[in-house]
Amino acid sequence: MHRNEVDWPRVRRDAHARAASARTAAETYPVILAALAELGDHHSSFLTRAEAEITLSGTEDTFVGLTGRRLPGSVGYLALPAVLGSPETLDRYVRQGRAAVKDAEREGAACGWILDLRQNTGGNVWPMFAVAAPLLGEGTVGSFAFPDGSSTPWYVKDRRPGLNGEESPWGPADPLGTPDPAVAVLTDGGTASAAEALLIAFKGRPNTRTFGTASYGVPTSNDGFPLSDGAVINVTTALDADRGGRIYDRAVPPDTDVPTPRLDIGTDRDEPVRAAAQWLATLGVCPRG
């Protein structure tokens with residue numbers, strides 16, 4: 001991402017000098033980590049072969065925090081946690097996430113929605129987009145902004161996210177009971193990376209407001225580059241931009257700052273949820289609690 005700001009001759013010279021005595025691939029790992037630190041994006045990372053196998057190919061049957069329910073006043077509530085792993089894991093996440101949306105509307109159409117991205121540390125953004133697509137609405141919802149000034153739009157078509165003219169493999173999500181509903185998005189310092197991309201996709205959406213505290217501050221996209229021994233270098237290659245073209249390069253503050261202790265999340269003391277429900281009521285789309 002900051003390739004034009006890096007002193008590449010020095011980085012290469014230092015890396016080759018540090019790796020001169022290396023006899024195995026593993027002995028170059030500290031050199032790779034030092035070179036990645038020189039990039040200054042605070043998001044690039046390195047995975048050993050064992051770490052890559054666990055992180056990128058691991059399987060999960062359930063996802064802690066992936067829930068949908070109906071709140072008082074017919075408000076729909078959807079919490080999306082982080083996700084990363086095998087294709088089978090991503091498929092399960094989408095199925096369970098879409099089932100959670102149905103759970104929130106089991107008793108009828110929700111008048112408005114609260115999307116909870118707190119403590120979502122990121123991972124793979126596309127399963128999250130596939131679940132949230134009906135809330136995002138149709139059309140361009142954001143983009144990856146590259147250092148050369150080009151961009152690649154994210155879009156939703158028939159309740160299915162897409163990139164570069166190719167829609168996600170999960171098919172369209174079911175329509176909501178109330179089309180284009182008002183949406184309150186909850187964030188905190190644990191909302192990072194892919195979750196920040198989803199947050200940014202809601203920026204500029206009509207009848208949308210964010211509550212909580214500022215996000216972590218890595219609204220960027222990483223590309224993975226596998227090495228010969230199975231290790232993977234993840235390099236930050238783009239910044240996230242919203243549907244209006246605004247580019248984000250730091251923590252995203254909420255529209256309404258509502259701090260809450262982590263232990264209060266999901267309890268009766270969860271002030272951001274309360275503030276979001278009150279906002280929906282002021283719009284006249286949901287009854288006052």
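For this chain, numbers begin at 1 and follow the sequence in order.
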Decide, yes or no, whether a salt bridge links K203 with D240 under the criterion of side-chain N to carboxylate O below 4.0 Å. no
Looking at R3 and D41, does any basic side-chain N land under 4.0 Å from a carboxylate oxygen? no
Note: V285 and A182 closest approach over all heavy atoms is CG2-CB, 4.2 Å
Which heavy atom in S215 sits nearest to a heavy atom in A251, and how many Å separate them? O-CB, 3.1 Å
Salt bridge between D264 and R269, side-chain N to carboxylate O under 4.0 Å? yes
One should read off an interatomic distance between L117 CG and L115 CG, to the nearest 0.5 angstrom, of 4.0 Å
Can you see which heavy atom on F211 is nearest to which on A184, and at what distance? CE1-CB, 3.7 Å
Side-chain heavy-atom pair Y248, L239 within 4.5 angstrom cut-off: no
Result of checking R98, R160, K102 against D174 for salt bridge (charged side-chain N to carboxylate O under 4.0 Å, His left out): K102
Between L163 and F144, is any pair of side-chain heavy atoms under 4.5 Å apart? yes
Flag yes if more than 12 heavy atoms outside H42 fall under 6.0 Å of its NE2 atom; otherwise flag no. no
Could you pull out all donor-acceptor pairs under 3.5 Å where a side-chain atom in residues 72-79 meets a protein atom, sequence neighbours excluded?
from	atom 1	to	atom 2	distance (Å)
Y77	OH	D116	OD2	2.7

Determine the minimum heavy-atom distance between M128 and A194, stating which atoms define it. CE-CB, 4.1 Å
So for atom CD, which belongs to E5, do other residues, nucleotides or ligands contribute more than 12 heavy atoms lying within a distance under 6.0 Å? yes
Specify the closest pair of heavy atoms between N120 and A195, including all atoms of both residues, with the distance to one decimal. O-CB, 3.3 Å
Are R92 and E88 ion-paired here, with the side-chain N under 4.0 Å from a carboxylate O? no
May I have all residue pairs that pass disulfide (SG to SG under 2.5 Å) and include part of residues 64-133, sequence neighbours excluded? C111-C286
In the single-linkage hydrophobic clustering (I, L, V, M, F, W, Y; side-chain heavy atoms under 4.5 Å), do W279 and L186 co-cluster? yes
Taking all non-hydrogen atoms of both residues, which atom of S44 and which atom of T236 are closest, and how far apart? OG-N, 2.9 Å
